[in-house]
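Take a look at the structure below.
Everything numeric in this text was worked out from a predicted model, so none of it was measured. Atoms within a ligand are numbered from 1 in the order they appear, just like the ligands themselves.
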Amino acid sequence: MEKDAIINTGLRGITVASTRISDVRGKAGKLIYRGYPIRDLAEKSGFEEIVHLLLYESLPSAARLEKLKNELKTARSLPDAVIRALETCPADARPMDILQAGVALMAPHDPDLQDESREATLRMGIRLIARMATLVAAWERIRNGKQPLEPDPGLDHAANFLYMLSGKRPDEETAGCFDTALVLHAEHSFNASTFSARQVASTKAHIYSAVTAALGSLSGPLHGGANVRVMRMLEQIGTPEKVEAYVENILDQGRKIMGLGHAVYKTDDPRALILAPMARRMAEKAGETKWFEMARLLEQKGKQAFKARKGTDIFVNVDFYSAVLYNAMAIPVDLFTPLFAISRIAGWTAHVLEERFAEAAPKPMLYRPESEYIGHYCGPDECSFVPLEKR
Ligand code: COA
C-alpha cells in the first residue's frame, strides 16, 4: 500500500457498491426494503411476500404469491444424505455449525449447481430459503433423539417451521408473530454477513459457497450471535434487582452489553420498536413476563449508564427483543441465531443475484481491498533468511 493511503479500519464509512435492495438510514432510524419502509411491511405483509419483493424486485400479485409459496413448499424436504449426515453429528454441536455444514452438504445435491445462469442461481436461492428452515428444525429433533418431521404443505413458511420444530401446529397469533420476526430479519444492506456473501459471490463462486460464508459471519457475537448472548445475559443476571449492578459492572470493565449499540443506527432500531411489543404479547401469552420486564429494565439502565459515562446515547438493536420474543415462544436459546439465518437467507440471495448479475452501472467487481504492511519484527523492510539448521 502507498505510504499516504488512508486506512478505514472495518471499512467504516466506505461505500463499496451500489444496491437497489435495501437502505439503512441510521440517523432517521429507517429501514427500507426495495422502497418500502419496514414498518409497513411488518404490519401488512408476510415472509413469502418479502421473499418475492427481495428476489423479484416487486410485491407479488395474489397469483404470483401463490406460485412462490408453492415453489417454496415443493422445495422444503432435505436430501436424505443430508439428514443421514446430521445424524452422525454430536448432539452438543452448535446449531450454527450444523447449519453451515448442512448448507455446504446440500450443494452437491442441487441439480442446478453446475449452471452459472441467473435463473439457476435464483432457483438455488429459493431451495435454500425453503430448506434452511427444514434443516434447523430437523437438527433440533435429531439432537433430541427424535425423527425429523415431514413438512406440512398446508402451512406457510413460518407456521411450518414451528410445526417441524415442535411437532405442534402453532396457533394463528404465534405463527403471525414468528412470520413478522422473519420479515424483520430478512434484509439489512451491507452488514457483515451480507458483505461476506457478496464478497464470495464477487469471485463468481456459487450461491452455496456465498451462503456458508455468510453463516460463519452471522454466527459471531457482534453480529447475529448477539441474540443468544442477550438471553444468556438475562439468565446470568437472574433477577430484576441485579440489573443495575450488572450494567455498571460491565461498563466499568469496558465490556459491551449485548443487544445494545449498532454500527449504523444512531437512534432506535426500527425493528426493535416492532419486536418489543411482540415480545411482551408472547410473554403474556406464555404466562411468564419476567424476562420481558428484566429486558425493559436493562434497556433503561443500560441507556442511562452509557449516557452517564460517554455523554452519548445508545439504543437497543434487533437482537435485544428478538431474544426475549423467541424465548417466550419456548424456542431453545442456541437456535436464536439459526432463526435469524433462516430469514436472512432471503436477503443474502437477493445480494448474491445483484452481485453476480446486476446489469446497471456501476457493475460490481471482485472485492480486493488493500492493507497496510507495518513490517515484521526483524526490522522495517526485509529480513535476511536464516537456513533451517541455524535457527
Ligand atoms: N455496550 C457497551 N458499550 C458499547 C456497546 C455496548 N453494547 N456498543 C458500543 N459501545 C461503546 C464502544 O465500546 C465504544 O466506546 P469507545 O468509543 O469508548 O471505544 C462506543 O460505544 C462506540 O462503539 P463502537 O464499537 O465503535 O460502535 P460500533 O458502531 O462500531 O459497534 C456494535 C456496533 C454492534 C459492534 C456494538 O454496538 C456492539 O458490540 N454491540 C453489542 C453486540 C450486539 O448487540 N451486536 C448486534 C448488532 S445488531
Side-chain angles (χ1 to χ4, degrees), residues 7-14 22-31 38 96 181-182 184-196 214-237 243-276 279 294-327 333-334 336-341 343-344 347-348:
I7 302 174
N8 284 282
T9 316
L11 289 176
R12 295 301 160 91
I14 302 287
S22 69
D23 195 19
V24 180
R25 301 186 183 156
K27 283 193 198 128
K30 283 200 163 187
L31 169 59
I38 193 66
M96 278 303 279
L182 293 180
L184 294 172
H185 285 84
E187 166 54 18
H188 209 244
S189 80
F190 273 55
N191 55 81
S193 56
T194 302
F195 184 58
S196 302
L215 284 163
S217 174
L218 188 75
S219 70
L222 295 190
H223 190 12
N227 53 15
V228 172
R229 304 290 176 110
V230 167
M231 202 57 226
R232 299 281 184 232
M233 169 180 71
L234 290 171
E235 287 168 347
Q236 188 196 336
I237 298 170
V243 167
E244 190 163 2
Y246 175 86
V247 163
E248 297 292 338
N249 189 27
I250 288 283
L251 295 183
D252 283 348
Q253 292 175 41
R255 289 167 56 205
K256 287 183 173 165
I257 302 169
M258 288 291 123
L260 260 66
H262 198 275
V264 185
Y265 292 119
K266 297 304 164 204
T267 180
D268 287 308
D269 180 331
R271 301 164 299 175
L273 295 178
I274 301 168
L275 283 162
M294 268 180 64
R296 270 283 187 238
L297 189 62
L298 183 63
E299 175 184 3
Q300 185 202 339
K301 297 291 176 196
K303 283 174 163 178
Q304 275 170 8
F306 187 86
K307 178 110 182 173
R309 281 171 175 74
K310 310 261 186 202
T312 54
D313 291 315
I314 196 162
F315 300 89
V316 291
N317 58 50
V318 67
D319 295 308
F320 196 76
Y321 284 109
S322 65
V324 186
L325 171 72
Y326 296 150
N327 185 63
V333 176
D334 63 356
F336 291 2
T337 313
L339 258 53
F340 193 148
S343 165
R344 185 57 59 84
W348 292 336

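- By the 3.5 Å distance cut-off applied to N or O atoms, V318 is not counted among the residues near ligand 1.
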Which donor-acceptor pairs under 3.5 Å do side chains of residues 228-235 form with protein atoms, sequence neighbours excluded?
residue	atom	partner	partner atom	Å
R232	NH1	E235	OE1	3.4

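- The residue I250 has no part lying near ligand 1, judged by heavy-atom distances below 4.0 Å.
- Side-chain N or O atoms of S196 include none that pairs as donor or acceptor with a backbone N or O of A214 at under 3.5 Å.
- At a heavy-atom cutoff of 4.0 Å, ligand 1 is contacted by no atom of D269, backbone or side chain.
- Comment: K30 does not engage D23 in a salt bridge, judged by the lack of any side-chain N to carboxylate O separation of less than 4.0 angstrom.
- Residue contacts with ligand 1 for K266 involve side-chain atoms from C-beta outward but no N, CA, C or O (heavy atoms, distance under 4.0 Å).
- Of the candidates M258, R309, R229, M258 brings a heavy atom nearest to atom 42 (C) of ligand 1.
- Closest to atom 48 (S) of ligand 1 among all protein heavy atoms lies D319 OD2, 3.5 Å.
- Side chain of E187 to main chain of S189: a donor-acceptor pair is present (N/O by atom type, distance under 3.5 Å, no hydrogens or angles).
- Below 3.5 Å of separation, one finds no N or O of H223 facing any N or O of ligand 1.
- Near A226, the atoms of ligand 1 lying under 4.0 angstrom from a non-hydrogen atom of the residue are 43 (C), 44 (O), 45 (N), 46 (C).
- Looking only at heavy atoms of the protein, atom 1 (N) of ligand 1 is closest to I257 N, 2.9 Å.
- Looking only at heavy atoms of the protein, atom 3 (N) of ligand 1 is closest to F306 CE1, 3.5 Å.
- Between the side chain of N317 and the backbone N or O of G261, at least one donor-acceptor pair lies under 3.5 Å.
- With atom 9 (C) of ligand 1 as the reference point, the heavy atom nearest to it among R255, K256, H188 is part of K256.
- To the nearest 0.5 Å, atoms CG (L218) and CZ (F340) are separated by 5.0 Å.
- Between H262 and H188, the ring planes lie perpendicular to each other; the angle is over 60°, past the 30° to 60° tilted range.
- Separation of atoms NZ (K307) and OG1 (T312) is listed at 7.5 Å; rounding is to 0.5 Å.
- In this structure, the protein non-hydrogen atom closest to atom 15 (O) of ligand 1 is K310 NZ, 3.2 Å.
- When atom types are taken as modelled, the side chain of T194 and the backbone of F190 share no donor-acceptor pair closer than 3.5 angstrom.
- Counting protein heavy atoms only, atom 8 (N) of ligand 1 is closest to I314 CD1, 3.6 Å.
- Proximity of a side-chain donor or acceptor of S193 to a complementary backbone N or O of S217 within less than 3.5 Å is not detected.
- For L260, heavy-atom contacts with ligand 1 shorter than 4.0 Å involve the backbone as well as the side chain.
- Distance check on atom 19 (O) of ligand 1: every protein heavy atom falls at or beyond the 4.0 Å cut-off.
- Interface atoms of ligand 1 facing G259, defined by a heavy-atom separation under 4.0 Å, are 43 (C), 44 (O).
- Both the backbone and the side chain of L222 come within contact range of ligand 1, each with a heavy atom under 4.0 Å.
- For atom 26 (O) of ligand 1, the closest non-hydrogen atom of the protein is R12 NH1, 5.0 Å.
- Of the candidates A305, A263, A272, A263 brings a heavy atom nearest to atom 33 (C) of ligand 1.
- Selection from G261, G225, G224 by nearest heavy atom to atom 34 (C) of ligand 1 gives G261.
- For the salt bridge (charged side-chain N to carboxylate O under 4.0 Å, His left out) test, residues two or more places apart in sequence or in another chain that qualify with R271 are D269.
- Screening Y326, Y321, F320 for a ring-ring contact (aromatic ring centres under 6.0 Å, His included) with F336, the sole residue that qualifies is Y326.
- Protein heavy atoms are absent from the 4.0 Å sphere centred on atom 22 (C) of ligand 1.
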